[in-house]
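Presented below is the structure to which this report refers.
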Amino acid sequence: MKIITLTTDFGEKDFYRGQMKGVILKLNPEVRIVDISHKIGVYDVFQGAFIISQAWKYFPEGTIHVGVVDPGVGSRRKGIIIKTSCDFFIGPDNGLFSLALKDQKVEKIIEIDEKKVEKIFNDKISKTFHGRDIFAPAGAWISKGKKPHMFGKKLKQPVRINLPEPTFQNNDVIIGEVIYIDRFGNITTNIPASLLKGKVELIIGNKRIKGPFLSYDSVPIGTPLLIVNSFGYIEIAINGGNAAKILSLERHSPIKIRRLYG
Amino acid sequence: MKIITLTTDFGEKDFYRGQMKGVILKLNPEVRIVDISHKIGVYDVFQGAFIISQAWKYFPEGTIHVGVVDPGVGSRRKGIIIKTSCDFFIGPDNGLFSLALKDQKVEKIIEIDEKKVEKIFNDKISKTFHGRDIFAPAGAWISKGKKPHMFGKKLKQPVRINLPEPTFQNNDVIIGEVIYIDRFGNITTNIPASLLKGKVELIIGNKRIKGPFLSYDSVPIGTPLLIVNSFGYIEIAINGGNAAKILSLERHSPIKIRRLYG
Amino acid sequence: MKIITLTTDFGEKDFYRGQMKGVILKLNPEVRIVDISHKIGVYDVFQGAFIISQAWKYFPEGTIHVGVVDPGVGSRRKGIIIKTSCDFFIGPDNGLFSLALKDQKVEKIIEIDEKKVEKIFNDKISKTFHGRDIFAPAGAWISKGKKPHMFGKKLKQPVRINLPEPTFQNNDVIIGEVIYIDRFGNITTNIPASLLKGKVELIIGNKRIKGPFLSYDSVPIGTPLLIVNSFGYIEIAINGGNAAKILSLERHSPIKIRRLYG
């Protein structure tokens, strides 16, 4: 059974998510639809890209990932279909899939041609909701075996966004930033654990937070710690507490980490 | 594969949604359940009606739409099953489906008879949760091929709610109101674009907002505009911004639009 | 078709829910996954236990309930698989399933052995996300017919949490507390209706709230009332209103109820 995942900034009150699912099921009643998230911050392409990059790899090979965080809908930004050695990714060409693409081989990128699509779908495309009118039906068609090249022509360079790069202040001090905060207040930084072998400390005002530890309960309840998260980056957490709130850190907050010796 | 959609004001924390799904799957393990929204404002029948009216038509023919926004549960308000030329609608008889019915032919309306239902379901019906005890199982039975008339007798006139009607102040000025605001802050009015042919402006304090434009990016980022939304009504938006917040408009706020010439 | 339900405190923005679903579908593409709730309060094991206890019994026999409210992840708290005469329950051994177990016969409890699991799953287990790395795949394997004892050895006594017990002040007055508040502001107390036969009143400051009534509309709109909820406990509600907000009651608030005569 084919799977289509959905990742959007549509929220869960409005009818947009439901419309997309109806469109998909009308075209392919057998496909399975899985919501990854509809709570991406409004127009927050980076957050959407990060979430897709963390989720896609857990799905079976051949899964079709439709993503819609699309501040430029109706403008000249393109729509794309990406076929990788693993999966399909369908959505606006604004970098939404670029973090996910780092871990797989891109085989083909198709720039969606709205005129071709209107002919295939036998329907008019709105200027305000490409998620429903282009990306969802394209996903459904691909789940039924249609080839991406039917929907347009090859694109060489899709728009890319990148994780911000950490910088060295000197040999032992590295400056990064907060890139993601989850519901628990756990803070993901852009600093790969591999950059700072061995023990380190985070310097925040006059506080020092040590790590990396193996698990949250390596320190007493209420104590901040550093940990290496599931994709190899330094995470700031508090055992049993909300690190983002207590440490007053948010997306883009600068992070300073120092290597420890001895 | 049959589809049952759910639209409720139950939220997503509580166990109500899960109970309804369990009840359905116990009766028909093969049916597919799709959440349209569980975030309808508490007891907000109009909002539920609007969301159902926007979502139902995108689903395959024969879909069963169960809606529960039900301030009168346990009172003398009736439960109904509506069969149209397209789909089924099941829920309280309080107008929740009346906006959806405008676009399709009603074939039959059945008033649910709780005593008949208790016999069919072989179960006692609570006074506090008809979504779980009547509407979800009725949907499951209908998805298995049972006919609506098994659940009660014909009803002539269901309760109806309507979109509020805009009024003309003079030939060129029309007064309407806000009927829906989505997560992006886009504002749907009750003014059909067909009423005001050609260019118009919205008058709000000493601001003038022009349109309708074809797409959000027809104006610079941060600029308000009017657009015709996907069901033909005037929508107030801000390119890349939250119109409802910035213009301080909410549900029921009055809207004044003037025809432009020249 | 087998069903796996998910109940977690992961929220719906992050990718944790999506990762769990991907893991399950990779192992068993045919299983059906139903979200009960991902909005359990962060680390609120009691709330999770209450919600699972209200939801599980509506699902078909043999359903696999995976629950993850897991403040002790990575610590020495165990993971468990419980087989009852009805269903399976999989998650941390912290009491999360203990309210659900009251209504069914426990047949077997297995303490999950991480080393066995790593061998079966052929994968390394993280210290920070057992929902994805242990409980979701264990659920998927069980949905494919694997036996619980494959994952570890028998456990005699799982961790239990209980509903707090109400106490009698004298023959006619009982002191309880608020145990759950839903989206509507309806308040579930820990006082079983069976304790206080006949009419009672709730004493709150100088207010008296009478009941139990049969349905919300037994009193005028805006009036508080007592009702017996669907599992036999006294519930405080307001017809058409939010009782928790208007009466300023929250989880753990003390509740005083007096038997009425005559």
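Within every chain, numbering begins at 1; the chains are lettered A, B, ... in the order of the sequence lines, protein sequences first and strands thereafter.
- For the set A:I33, A:V23, A:L25, A:I24, the count of heavy-atom pairs under 4.5 angstrom toward chain B peaks at A:L25.
- Of the listed residues (B:T63, B:D103, B:L99, B:T84), just one forms a side chain to side chain contact (heavy atoms under 4.5 Å, CB included) with B:W56, and that residue is B:D103.
- A:R132 and A:D123 are not joined by a salt bridge, as no carboxylate oxygen comes within less than 4.0 angstrom of a charged side-chain nitrogen.
- With a 4.5 Å cut-off on non-hydrogen atoms, B:E12 touches chain A through its side chain but not through its backbone.
- Interface remark: A:K124 contributes no atoms to any contact with chain B (heavy atom separation under 4.5 Å).
- In terms of non-hydrogen atom pairs under 4.5 Å with chain B, the most contact-rich of A:E30, A:R32, A:K26, A:K127 is A:K26.
- Taking a cutoff of 4.0 Å between a charged side-chain nitrogen and a carboxylate oxygen, B:D35 and B:K21 qualify as a salt bridge.
- With a 4.5 angstrom heavy-atom cutoff, B:I52 does not touch chain A via any of its atoms.
- Neither the backbone nor the side chain of B:I221 comes within contact range of chain A, judged by heavy atoms closer than 4.5 Å.
- Look at B:D217 and A:R76 and you find no salt bridge, because none of the NZ, NE, NH1 or NH2 atoms lies under 4.0 Å from a carboxylate O.
- Heavy-atom distances place both the backbone and the side chain of A:D9 under 4.5 Å from chain B.
- Minimum heavy-atom separation, A:V69 to A:L96: N-CD2, 3.7 Å.
- What you find for B:I204 and B:L247 is that their closest heavy atoms are CD1-O, 4.0 Å.
- Between B:Y180 and A:F15, the ring center distance clears the sub-6.0 Å criterion.
- Contact annotation for B:I181: only backbone heavy atoms (N, CA, C, O) come within less than 4.5 Å of a heavy atom of chain A.
- At a 4.5 Å heavy-atom cutoff, the contact between A:F10 and chain B is made by backbone and side-chain atoms alike.
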